[in-house]
Amino acid sequence: MAEQGIHFLDAHGPDGMRLYAIGDVHGRLDLLVAIHRRIVAEIRQARPADWRVIHLGDYVDRGPDSKSVVDFLIEIRKRDPRYLMLAGNHDIGFLDFLDAPDPDGLFIRYGGIQTAQSYGVVINEGGNAWFGRSEAALRQSHAALVEAVPKSHVDFLRSLPFSLTFGDFFFCHAGIRPGIALDKQSIQDLIWIRDVFHNHPGLHPKIVVHGHTPVPEAEVMVNRVNIDTLAWQSGNLTALVVDGADKRILAVSGEKA
């Protein structure tokens, strides 16, 4: 008996609604602004009946301007609710660090030092996170960062959902656990899963559009689309565009890290 599910070639977006899904940003305000300009220009030219722009998470860490990325997203969401944002594991890791600083956590080990710098806080001047540093120094830097991050940024990050569905497409940061209903997926899987999801050959109830795991260029599979093209380092930020049955990749390029 054939497995039930949607094949990418057969997938449709909602009638009359164009969808844009943008991959991991990681502090690259320049690329985020550039891809928004492209999207706005397309919408103005094509004049679709309706549209949504979906950001797949990981707005902070690694790149140079996490603070301004969050400012930008807050402003566009305030201006038009058709701009939608999902939570990524780095966004949650940032909140976790603000709540309780962990020298071995995601934030310190994987790019949070650059996030802190974007808020004007120096956490580590060396290259090995907290190796050899005192607990007092960690507490001091943490307190400075808590003071520097606006409440509006914390509220924004805490408000982010973990998945969205439009038409035959399911949007999340990392992926899903195969065999589990889409509305029963765990938050941990939605923002962290990799191999079990990537290696699953079967179809899912909807096409899963995700980021989280960097690839050199957009990876379009029969059951999923990965649009994390390592923007912070490669200088390439990628989006999937869905308009009815039409699907295409949109990308912008800038300086490499």
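Side-chain atoms are counted along with the backbone in the values below, which use heavy atoms only and exclude waters and symmetry mates.
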field: Within one Ile-Leu-Val-Met-Phe-Trp-Tyr cluster: F169 and L84, side-chain cutoff 4.5 Å
entry: yes
- prompt: Would you say the side chains of H200 and N223 form a donor-acceptor pair under 3.5 Å?
  reply: no
- prompt: Please walk me through it: do D50 and R18 pass side chain to side chain contact (heavy atoms under 4.5 Å, CB included)?
  reply: CA-CA 6 Å; D50 200 1; R18 180 179 289 193; over 6 Å; no
- prompt: When clusters are formed by joining ILVMFWY residues with side-chain heavy atoms under 4.5 Å apart, either directly or through shared neighbours, do I227 and V222 land in the same one?
  reply: no
task: Specify the closest pair of heavy atoms between G57 and Y59, including all atoms of both residues, with the distance to one decimal.
output: N-OH, 3.2 Å
query: Under a single-linkage definition using a 4.5 Å side-chain heavy-atom cutoff for Ile, Leu, Val, Met, Phe, Trp and Tyr, are L19 and I22 assigned to the same hydrophobic cluster?
result: no
Over all atoms of both residues, closest heavy-atom pair of A257 and W232: CB-O, 3.2 Å
message: Between Y110 and H90 (judged by ring centroids, cut-off 6.0 Å), do the two rings come close enough to count as a pair?
response: no
message: If you take the centroid of each ring, where Trp contributes its six-membered ring, are W51 and Y83 closer together than 6.0 Å?
response: yes
Partner residues of S66 under the side-chain hydrogen bond (donor to acceptor under 3.5 Å, both in side chains) criterion, sequence neighbours left out: T115
field: All side-chain hydrogen bond (donor to acceptor under 3.5 Å, both in side chains) counterparts of Y119, not counting sequence neighbours
entry: H153
message: L145 vs F94, test: side chain to side chain contact (heavy atoms under 4.5 Å, CB included). Steps then yes/no.
response: CA-CA 11 Å; L145 186 59; F94 184 22; 4.1 Å; yes
query: Can you tell me how far the CZ atom of F162 sits from the OG atom of S186, to the nearest 0.5 Å?
result: 10.5 Å
- request: Tell me, with the steps shown, if R177 and F197 meet side chain to side chain contact (heavy atoms under 4.5 Å, CB included).
  value: CA-CA 6 Å; R177 186 162 295 274; F197 168 59; over 6 Å; no
- prompt: Are any of the side-chain heavy atoms of Y20 and D243 separated by less than 4.5 Å?
  reply: no
field: C172 SG to I193 CD1 distance, which is reported to the nearest 0.5 Å
entry: 9.0 Å
message: Tell me whether H7 contacts the main-chain N or O of G5 through its side chain, where contact means a donor paired with an acceptor under 3.5 Å.
response: no
message: Rounded at 0.5 Å granularity, tell me how far CG in D189 sits from CZ in R194.
response: 12.5 Å
message: If you count heavy atoms of other groups shown closer than 6.0 angstrom to CG of N199, is the number above 12?
response: yes
message: Going by the rule side-chain hydrogen bond (donor to acceptor under 3.5 Å, both in side chains), which residues pair with D80 if we only count those two or more places apart in sequence or in a different chain?
response: R82
- request: Say whether, by atom type as modelled, one donor and one acceptor occur between the side chain of Q233 and the main chain of K256 under 3.5 angstrom.
  value: no
- prompt: In Å, rounded to the nearest 0.5 Å, how long is the span from NE2 of H36 to CZ of R38?
  reply: 13.0 Å
Atom pairs and distances, donor-acceptor, side-chain atoms in residues 246-254, under 3.5 Å, two or more places apart:
| residue | atom | partner | partner atom | Å |
| --- | --- | --- | --- | --- |
| K247 | NZ | F8 | O | 3.0 |
| K247 | NZ | L9 | O | 3.4 |
| K247 | NZ | A11 | O | 2.9 |
| K247 | NZ | A245 | O | 3.1 |
| R248 | NH1 | E42 | OE2 | 3.3 |
| R248 | NH2 | E42 | OE1 | 2.6 |
| S253 | OG | N236 | OD1 | 2.7 |

- line: For L203 and I6, the nearest pair of non-hydrogen atoms, with its separation, is CD2-O, 3.7 Å
message: In the structure I gave you, are the side-chain heavy atoms of V209 and F170 within less than 4.5 Å of one another anywhere?
response: no
message: When you compare the side chain of I191 with that of I92, does any pair of heavy atoms fall below 4.5 Å?
response: yes
query: Is there a donor-acceptor contact under 3.5 Å linking the side chains of H26 and D58?
result: yes
task: Evaluate the side chain to side chain contact (heavy atoms under 4.5 Å, CB included) criterion for residues V121 and Q117: first the C-alpha distance (whole Å), next the side-chain angles of each, then the deciding distance (0.1 Å), finally the verdict.
output: CA-CA 5 Å; V121 176; Q117 287 172 344; over 6 Å; no
- request: Taking the side chain as every heavy atom from C-beta outward, state whether D91 and V60 have any pair of such atoms under 4.5 Å apart.
  value: yes
message: If you apply the rule side chain to side chain donor-acceptor pair (under 3.5 Å), what do you find for S68 with R28, and how did you get there?
response: CA-CA 9 Å; S68 294; R28 287 298 299 261; over 6 Å; no
query: Between T213 and D228, is any pair of side-chain heavy atoms under 4.5 Å apart?
result: no
field: Pairing residues for D65 by the salt bridge (Lys or Arg N to Asp or Glu O under 4.0 Å) criterion, not counting sequence neighbours
entry: none
query: Are side-chain heavy atoms of M85 and I76 found at a separation under 4.5 Å?
result: yes
- request: State plainly whether one hydrophobic cluster holds both F97 and I187, where clusters connect Ile, Leu, Val, Met, Phe, Trp and Tyr through side-chain heavy atoms under 4.5 angstrom apart.
  value: yes
message: Just so I know, are the side chains of T229 and L237 near enough to count as touching, which here means a heavy-atom distance under 4.5 Å?
response: no
query: With side chains defined as the heavy atoms from C-beta onward, is the minimum distance between F156 and V154 less than 4.5 Å?
result: no
- prompt: Stepwise, does the salt bridge (Lys or Arg N to Asp or Glu O under 4.0 Å) test hold for D99 with R158?
  reply: CA-CA 12 Å; D99 286 340; R158 284 180 175 160; 3.1 Å; yes
- prompt: Which heavy-atom pair separates L31 from A231 by the least distance, and what is that distance?
  reply: CD1-O, 3.6 Å
task: Flag yes if V25 and V70 sit in one hydrophobic cluster, no otherwise; membership is Ile, Leu, Val, Met, Phe, Trp, Tyr, and two members link when side-chain heavy atoms are under 4.5 Å apart.
output: yes
field: Heavy-atom pair of closest approach, residues I123 and A116
entry: CD1-CB, 3.5 Å
message: My understanding is that only residues two or more places apart in sequence, or in another chain, count here; which of them pass ring pair (Phe, Tyr, Trp, His ring centres under 6.0 Å) with H198?
response: H210
field: Non-hydrogen atoms of H173 and L56 that approach each other most closely
entry: ND1-O, 2.8 Å
task: State the NZ-CZ distance between K67 and F72, to the nearest 0.5 angstrom.
output: 14.5 Å
message: Can you tell me how far apart CD1 (I113) and OG (S118) are? Round to the nearest 0.5 Å.
response: 12.5 Å
